[in-house]
2 protein chains.
Amino acid sequence: MALEHAILVSLLEKPGSGYELARRFDRSIGYFWTATHQQIYRVLKRMEGDGWVAAREVPQQGKPDKKHYAVAPAGHAVLDAWLHEPIEPESVRHDLAVKIRGAAFGDPSALMRQVERYRQVHSERLAHYLAGELRDFTGPDAPAEPDGMGELQHVVLRGGIAYERMTLAWLDDVLATLHRIHARTGH
Amino acid sequence: MALEHAILVSLLEKPGSGYELARRFDRSIGYFWTATHQQIYRVLKRMEGDGWVAAREVPQQGKPDKKHYAVAPAGHAVLDAWLHEPIEPESVRHDLAVKIRGAAFGDPSALMRQVERYRQVHSERLAHYLAGELRDFTGPDAPAEPDGMGELQHVVLRGGIAYERMTLAWLDDVLATLHRIHARTGH
DNA sequence: GGGCACATGTAAATTGTTACATGATTGT
DNA sequence: ACAATCATGTAACAATTTACATGTGCCC
């Protein structure tokens with residue numbers, strides 16, 4: 001019960017169509033909340049029915065019409081109420097941790113190859129975050145709007161950066177451990 | 001499609017009943033893979049039907065009978081095949097990040113209180129992990145079994161510890177940011 | 001007697017994933 | 001011509017969550 005909230009936040013930051021939202025869930029918001037376009041369209045329709053968002057049909061040349069969504073007062077109220085609720089412990093599904101513990105009963109070297117690939121992905125993600133930080137949050141155009149939107153986006157991004165750095169260090173630890181076990185059992 | 005694998009790993013580490021598995025998913029395994037007893041019973045039944053695990057009815061005095069599950073050869077093969085598959089990028093649902101970005105459009109001080117509570121939870125979780133590490137992975141009973149089960153459990157635990165430490169530092173950053181915004185807009 | 005731990009389930013509702021479907025424009 | 005991007009959806013299925021359901025033994 002929170003895709004609704006992610007959509008509300010994204011639309012408050014910048015109104016747009018379902019398609020545009022789906023694009024954002026591939027990037028910025030998507031780094032901490034995944035959703036497919038099918039989900040987004042379905043939920044958006046319900047939110048429109050409940051009066052949380054209002055749609056405006058925008059005819060376009062050369063492209064299909066799009067429905068431009070903006071948050072309605074009722075949606076704003078829902079978001080505000082949600083901010084007062086306790087933060088739920090996130091439900092974790094950490095594939096890799098399961099695999100690592102499973103490696104004791106299988107082939108550790110097979111896992112090592114996968115971990116190396118995975119490390120690469122996180123390394124690229126860190127570079128991507130750092131580039132985004134440089135682009136959006138440094139230099140003379142320091143936001144400092146009264147509402148703090150830019151500062152809050154920045155602190156979330158710093159969280160992503162910290163997460164990736166921690167992950168990379170841990171993956172090195174994992175690789176060293178797998179290597180040690182492999183060396184002992186491998187011959 | 002991986003609760004099956006988490007159950008296989010847990011049963012390989014130590015066979016047991018559905019109930020016992022459900023307990024473990026509240027603690028050790030549960031820190032990186034959540035599942036309720038309803039899910040576990042359902043999946044376990046399917047896995048038994050597919051010959052991945054074998055059940056043995058254990059009559060007990062004073063307690064209802066329980067079905068003691070152990071991994072069958074077919075299940076072992078499934079796990080092994082899974083270890084060779086690429087590691088899927090975990091699908092993130094990070095409630096807090098959404099809330100933080102939402103705070104720009106609501107009441108930052110309301111969020112501050114929730115973040116402080118949340119920080120407390122993670123602080124306790126870190127203490128819990130560190131206690132577990134001290135209990136299970138230090139001292140003279142250093143595991144060093146040939147299969148590396150203990151070492152792999154340890155490296156996963158170290159990941160949890162690193163995650164909690166990173167999270168606590170980030171939450172301090174978040175609180176400082178919220179405080180700064182509140183001071184500017186609050187009067 | 002009340003509450004907790006053990007032990008296993010069913011049913012309903014909600015969410016999330018995967019596959020299919022359509023149709024226009026822009027670039028190669 | 002063909003692929004990619006824009007733009008919106010339906011349908012079927014799988015997974016997850018929440019609520020309900022039952023029964024024993026132990027401890028206070």
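Below, all heavy atoms of this structure are taken into account, side chains as well, without hydrogens, waters or symmetry copies. We name chains A, B, ... by the order of the sequence lines, and we start the count at 1 in each one.
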> Between atom CZ in B:R23 and atom P in C:dA7, what is the gap in whole Å?
Replying inline: 10 Å
> Can you tell which of C:dA7, C:dG16, D:dC6 lies closest to the side chain of A:L3?
Replying inline: C:dG16
> Got a sec, which residues hit salt bridge (Lys or Arg N to Asp or Glu O under 4.0 Å) with B:R24, two or more places apart in sequence or on another chain?
Replying inline: none
> Whole Å only: how far is the NZ atom of A:K66 from the P atom of D:dG9?
Replying inline: 14 Å
>> Can a side-chain donor-acceptor contact be found between B:E124 and B:Q120 if the only test is distance below 3.5 angstrom?
In response: yes
>> List the residues meeting salt bridge (Lys or Arg N to Asp or Glu O under 4.0 Å) with A:R117, not counting sequence neighbours, and say none if there are none.
In response: none
> In whole angstrom, what separates B:R46's CZ from C:dT10's C1'?
Replying inline: 17 Å
> Taking the side chain of A:K45 as heavy atoms from C-beta outward, which of C:dT8, D:dA7, D:dT10 is closest to it?
Replying inline: D:dT10
> Within this structure, what is the CE-to-C1' distance between A:M47 and C:dT15, rounded to whole angstrom?
Replying inline: 15 Å
Which atom pairs link the protein and nucleotides 17-19 of chain D when you take only N or O atoms and keep those under 3.5 Å?
| residue | atom | partner | partner atom | Å |
| --- | --- | --- | --- | --- |
| D:dT17 | OP2 | B:Q39 | OE1 | 3.3 |
| D:dA19 | N6 | B:Q38 | NE2 | 2.6 |

>> Applying side-chain contact (heavy atoms from CB on, under 4.5 Å), can you list everything that pairs with A:E85, at least two apart in sequence or on another chain?
In response: A:W82, B:K99
> Can you tell me how far C1' of C:dT17 sits from CD of B:E90, to the nearest Å?
Replying inline: 18 Å
> Out of C:dA7, D:dG9, C:dG9, which nucleotide sits closest to the side chain of B:K67?
Replying inline: C:dG9
Pairs of donor and acceptor atoms involving the side chains of residues 165-173 of chain A, under 3.5 Å and at least two apart or interchain, shall be tabulated with distances.
| residue | atom | partner | partner atom | Å |
| --- | --- | --- | --- | --- |
| A:T167 | OG1 | A:Y163 | O | 2.8 |
| A:W170 | NE1 | B:V155 | O | 2.8 |
| A:D172 | OD1 | A:R119 | NE | 2.7 |
| A:D172 | OD1 | A:R119 | NH2 | 3.4 |
| A:D172 | OD2 | A:R119 | NH2 | 3.2 |
| A:D173 | OD1 | B:R158 | NH2 | 2.9 |
| A:D173 | OD2 | B:R158 | NE | 2.7 |
| A:D173 | OD2 | B:R158 | NH2 | 3.4 |

>> Would you say B:Y41 places a side-chain N or O within less than 4.0 Å of OP1 or OP2 belonging to C:dG9?
In response: no
> Whole-Å distance between C:dG9 P and B:E48 CD?
Replying inline: 9 Å
> B:D80: what forms a salt bridge (Lys or Arg N to Asp or Glu O under 4.0 Å) with it, not counting sequence neighbours?
Replying inline: none
> Is the distance from OP1 or OP2 of C:dT8 to the nearest side-chain N or O of B:S17 less than 4.0 Å?
Replying inline: yes
>> Can you list everything that forms a salt bridge (Lys or Arg N to Asp or Glu O under 4.0 Å) with A:R113? Sequence neighbours excluded, please.
In response: none
>> From CD1 of A:I40 over to P of D:dT10, roughly how many Å is that when rounded to an integer?
In response: 15 Å
> Is B:Y19 isolated, or which residues cluster with it under the ILVMFWY side-chain rule of less than 4.5 Å, directly or via members?
Replying inline: B:Y41
> Between B:Y19 and C:dC6, is there a side-chain N or O to OP1/OP2 distance below 4.0 Å?
Replying inline: yes
> Just how far, in rounded Å, is C1' of D:dG9 from CD of A:E20?
Replying inline: 17 Å
> Can you say whether the rings of A:Y31 and A:Y129 are parallel (under 30°), tilted (30 to 60°) or perpendicular (over 60°)?
Replying inline: perpendicular
> What bend angle does the helix from C:dG1-D:dC28 to C:dT28-D:dA1 show across its length, from five-pair end axes and to the nearest 10 degrees?
Replying inline: 30°
